[in-house]
Amino acid sequence: MMDLHTHLDLYPNAIKLAYEVNETNSFTLCVTTSPRAWRATSDVFSRLANIEVALGLHPEIVSQKYGERTLMLQYISSARFIGEIGLDGSPQYSNSLRTLQKQIFGDVLSEVSRAGGRVMSIHSRRAVSEVLLMLRVHPNVGIPILHWFSGSISELREAINIGCYFSVNTLMATSERGAYLISLMPHDKVLPESDGPFAIQGNLPLSPMSSNQVAHLLSTIWKVDKEEVQLGFESTLRHIQSDLK
Ligand code: MN
């Protein structure tokens with residue numbers, strides 16, 4: 001099993017869970033929300049070989065974390081994975097969208113490009129067009145994975161044209177619109193995620209060990225065997241890893 005976007009460090013029982021996840025999943029990408037959190041979490045998870053910690057600056061908190069901007073740019077050369085980064089155009093963040101968010105996202109993409117490209121987990125809620133425009137401006141950033149994509153059909157086509165990957169979770173795959181978007185995604189560009197503990201289904205946060213459920217849901221949406229979906233996840237993950245410098 002695998003998870004390409006989890007906030008593993010933010011679960012209440014994070015350390016105990018991380019050991020379990022490290023045993024169960026062949027690969028887990030723990031995204032962080034600030035460069036200081038990346039440093040701290042990297043130290044704690046450093047002995048867990050199957051867990052990678054991604055360097056992030058979450059668009060929802062750029063106003064509070066603006067002081068960490070320089071640190072973020074400094075750390076990029078030593079980070080193997082980047083995330084969570086991106087833009088959020090929801091009403092409560094729209095003030096920072098045009099200024100701080102775009103400035104930081106643009107600076108991060110420039111720096112990632114200078115560093116030779118990275119695998120990046122990207123947030124694009126209500127700002128897909130803006131995210132795609134910035135990816136077009138920075139073509140050498142490596143592998144962009146749009147996490148929990150919720151844009152329009154034409155935005156999805158544009159993202160596919162640019163070469164984006166997509167990480168999807170069980171909430172997305174069980175919603176009518178999410179399932180429809182997934183049905184249009186190239187099978188070799190889709191990977192499982194949870195986005196837990198923020199993503200909650202029923203009363204429980206989605207588990208970083210839920211990729212079997214994601215595979216099951218995708219097999220229904222795509223009308224292919226679950227085993228085929230799982231093998232696809234493995235080969236897509238290998239492809240992404242082989243692209244790493
Ligand atoms: Mn997230």
Side-chain angles (χ1 to χ4, degrees), residues 1-12 14 17-18 21 25 27-42 44-45 51-65 68 72 79-90 92-93 96-97 100-101 104-105 108-109 112 118-128 130-132 134-135 143-151 159 164-175 178 181-182 190-201 204-211 213-214 237 240:
M1 290 204 276
M2 64 180 83
D3 188 340
L4 273 289
H5 185 112
T6 172
H7 298 269
L8 187 55
D9 56 328
L10 301 179
Y11 282 82
L17 180 65
V21 167
N25 286 6
F27 182 86
T28 300
L29 189 62
C30 171
V31 295
T32 57
T33 56
S34 80
R36 282 191 209 283
W38 175 70
R39 279 294 297 270
T41 305
S42 298
V44 178
F45 289 176
I51 298 176
E52 293 277 356
V53 182
L55 168 66
L57 186 46
H58 200 296
E60 288 175 12
I61 56 167
V62 289
S63 303
Q64 298 96 295
K65 299 286 179 183
E68 292 186 44
M72 177 73 191
R80 296 185 73 220
F81 294 85
I82 306 294
E84 180 163 3
I85 56 166
L87 301 174
D88 192 308
S90 307
Q92 63 268 43
Y93 310 116
S96 68
L97 176 66
L100 292 186
Q101 286 194 42
I104 288 180
F105 187 47
V108 167
L109 293 179
V112 166
R118 292 289 185 272
V119 174
M120 303 176 297
S121 186
I122 300 176
H123 176 110
S124 59
R125 184 169 56 210
R126 294 191 177 210
V128 176
E130 290 92 336
V131 165
L132 296 179
M134 293 186 74
L135 288 175
I143 294 188
I145 306 175
L146 299 182
H147 116 82
W148 205 335
F149 179 89
S150 57
C164 290
Y165 286 70
F166 304 90
S167 61
V168 307
N169 62 38
T170 56
L171 273 178
M172 181 177 173
T174 46
S175 83
L181 290 168
I182 290 169
V190 178
L191 286 157
E193 68 159 48
S194 65
D195 202 18
F198 296 130
I200 293 167
Q201 197 163 27
L204 289 173
L206 291 185
S207 163
M209 296 167 286
S210 58
S211 66
Q213 281 114 285
V214 177
L237 178 65
I240 279 177

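Just follow the structure's listing: the first ligand is 1, and inside any ligand the first atom is 1.
Tally of protein N, O or S atoms closer to the Mn ion (ligand 1) than 2.8 Å: 4.
The residue from M134, M120, R118 that alone fulfils the side-chain contact (heavy atoms from CB on, under 4.5 Å) condition with P144 is M120. Partner C164 forms a side-chain contact (heavy atoms from CB on, under 4.5 Å) with one of I145, L132, I143 and no other, that one being L132.
The backbone N or O of Q213 lies less than 3.5 Å from no partner atom in the side chain of S210, so there is not a single donor-acceptor pair. Within the 3.5 Å criterion, the main-chain N or O of Y93 finds a donor-acceptor partner in the side chain of Q101.
Ring pair F166/F149 is perpendicular by interplanar angle, where above 60° counts as perpendicular and below 30° as parallel.
Looking at H5 and S167, their side chains never bring a donor and an acceptor atom within 3.5 Å of each other.
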